[in-house]
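These notes concern the structure reproduced below.
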Amino acid sequence: MTLADDAITWFDQNARDLPWRQPDTTAWGVLVSEVMLQQTPVVRVEPAWRSWMTRWPTPADLAADPPSEAIRMWGRLGYPRRAMRLHACAVAMVERHGGRVPSDLEQLLALPGVGTYTGRAVATFAYGQRHPVVDTNVRRVVSRAVEGKPDAGPSTTAADLVAMAELLPEEPARAARASIAFMELGALVCVARSPRCPECPFEDVCAWRRNGSPALEGPSRKPQRYAGTDRQVRGLLLEVLRHATGPVPRQRLDLVWNDDVQRARALAGLVEDGLVEPLDAEVFVLAGDAPRVPPQSL
DNA sequence: TACGCGTGGGC
DNA sequence: TGCCCAAGCGT
């Protein structure tokens, strides 16, 4: 039995029943779930995904609405640039692919917001192709079970893709199952802190365990601060704009943060990123929310 | 490669 | 409102 076999057997008995794993889920549904899951936990994604798919069942449905609606529907999932990119992605799919999610990996990777992980995940989970799909969970599982190290590097490398590719079964459908099984194992059992090794199908063969489960030596990664950062200020500004029904005067935005310099920088950043549009120097809206100027009638 | 980018929950 | 972590991406 290979690691992939053991992982699949475990997955068959322990997989969570997530809506985007239902067999009738469209490629668009898979793509939306993958983008929402970028850095956001499953429990928060689940209701958001259901609402999103009900409102926009196809890429063309989303592309027909302004980005502001996507940003609002995104709610508090975090990193709202993802909502912008998902909207831009829908527009690109309408323009380039007839409103369909492409199955070709190169075409997927060319879409806004679709990177190494997401492109491979869609090609694999929506279209059943055989690609290594490597996320933070897979990196940690492979790092421990195969390489005997307590944790993986901070981002996916070409070497990570090769390492995972070597573990995949030949048959594409089974390779896809192996990838989702490794991910689930990393999410539920081989977790970052306090892994549940007694529940792990790799317990007897795990190289990290055989090494005595050594702890990480140096400081793992830089702690990500939030309080007092531009990120926090951007979040506060955007929250006001999300809930606004009309144009928002600068005065109202001034209330969310008292450091003028930082607040101005954060707002400029939101404009720069295309999340916010200035109607003039003193009035702002979410991107795409600018009042439509009716055609001049004579 | 390293950094910036939201938000919330577990401990 | 401390620290760490969560199915990354774009620059």
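Any value given below was found using the heavy atoms of this structure, including those in side chains, with hydrogens, waters and symmetry copies removed. Every chain is numbered from 1, with letters handed out A, B, ... down the list of sequences.
- For A:D151 and A:R140, the salt-bridge test fails: no basic side-chain N is under 4.0 Å from an acidic carboxylate O.
- Between the side chain of A:W257 and the main chain of A:A266, no donor-acceptor pair closer than 3.5 Å is present.
- Between A:W74 and A:W52, the ring planes are perpendicular. Angles over 60° get that label, and only those under 30° would be called parallel.
- In terms of modelled atom types and a separation under 3.5 Å, the side chain of A:R144 and the main chain of A:A207 share no donor-acceptor contact.
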(message) side chain to side chain donor-acceptor pair (under 3.5 Å), that's the test. Do A:Q38 and A:Y117 meet it? Break it down for me.
(response) CA-CA 9 Å; A:Q38 293 168 5; A:Y117 165 75; over 6 Å; no
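- Take the nearest nucleotide of DNA chain C for A:V114 and for A:P41: the residue whose nucleotide is more 5' is A:P41.
- Distance, A:L216 CG to C:dC5 P: 9 Å, rounded to whole Å.
- Side chain of A:D135, nearest nucleotide from C:dG8, C:dC9, C:dA6: C:dG8.
- Between A:L188 atom CG and C:dA6 atom P the separation is 12 Å, expressed in whole Å.
- One interatomic measurement links the two molecules: CZ of A:R82 to P of C:dA7, which rounds to 12 Å at whole-angstrom precision.
- Of the C1' atoms belonging to B:dT1 and C:dA6, the separation is 22 Å, rounded to the nearest Å.
- Listed in residue order, the members of residues 224-259 of chain A having a heavy atom less than 4.0 Å from DNA chain C are A:Q224, A:R225.
- Enclosure of atom CD in A:E272 is not indicated, since only 12 or fewer non-hydrogen atoms of other residues, nucleotides or ligands lie within 6.0 angstrom.
- The distance from atom CH2 of A:W74 to atom P of C:dG8 is 12 Å, rounded to the nearest whole Å.
- Between A:V248 and A:V285 there is no side-chain heavy-atom pair separated by less than 4.5 Å.
- Atom CZ of A:R139 is separated from atom P of C:dA7 by 10 Å (rounded to the nearest Å).
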(message) Using side chain to side chain donor-acceptor pair (under 3.5 Å), reason through A:D17 and A:Q22 one step at a time and then give a plain yes or no.
(response) CA-CA 8 Å; A:D17 183 21; A:Q22 295 299 313; 2.9 Å; yes
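- One interatomic measurement links the two molecules: CZ of A:R193 to C1' of C:dA6, which rounds to 11 Å at whole-angstrom precision.
- Around CG of A:N258, the count of heavy atoms belonging to other residues, nucleotides or ligands within 6.0 Å does not exceed 12.
- If you check residues 164-179 of chain A against DNA chain C, you find no residue with a heavy atom closer than 4.0 Å.
- On the P atoms, C:dA7 is 22 Å away from B:dC5, given to the nearest whole Å.
- For C:dC9, one of the phosphate oxygens OP1 or OP2 lies less than 4.0 angstrom from a side-chain nitrogen or oxygen of A:T118.
- A donor-acceptor distance shorter than 3.5 angstrom exists from the side chain of A:R139 to the backbone of A:P154, with no hydrogens or angles considered.
- With respect to A:P67, the side chain to side chain contact (heavy atoms under 4.5 Å, CB included) criterion is satisfied by exactly one of A:R72, A:R85, A:E277, A:M84: A:M84.
- The interatomic distance linking A:D151 (CG) with C:dA6 (C1') rounds to 13 Å, in whole Å.
- Here the range on DNA chain B touched by chain A, meaning any atom under 4.0 Å from one of its heavy atoms, is B:dC3 to B:dG10.
- Between the CD atom of A:Q251 and the CD atom of A:E282 there is a distance of 8.0 Å, given to the nearest 0.5 Å.
- Using a 4.0 Å heavy-atom cutoff across all strands shown, A:G78 reaches at least one base atom of the nucleic acid.
- When the shell of 6.0 Å around CZ of A:R250 is examined, it contains more than 12 heavy atoms from other residues, nucleotides or ligands.
- Whole-Å rounding puts the A:Y79 OH to C:dG8 C1' distance at 9 Å.
- Only A:R16, A:L18, A:W20, A:R21, A:E34, A:L37, A:Q38, A:Q39, listed by number, bring a heavy atom of residues 9-39 of chain A to less than 4.0 angstrom from any atom of DNA chain C.
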Identify every side-chain donor-acceptor pair in residues 235-246 of chain A under 3.5 Å, counting partners at least two apart or on other chains, and give the distances.
from	atom 1	to	atom 2	distance (Å)
A:E239	OE2	A:R76	NH1	3.2
A:R242	NH1	A:G75	O	3.4

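- When the nearest nucleotides of DNA chain B are assigned to A:R85 and A:R44 by heavy-atom distance, the more 5′-ward of the two goes with A:R85.
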Show which side-chain atoms of residues 101-113 of chain A pair as donor or acceptor with protein atoms under 3.5 Å away, not counting sequence neighbours.
from	atom 1	to	atom 2	distance (Å)
A:D104	OD2	A:E106	N	3.2
A:D104	OD2	A:Q107	N	3.0

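- For the P atoms, the distance linking B:dG6 with C:dT11 amounts to 15 Å, nearest Å.
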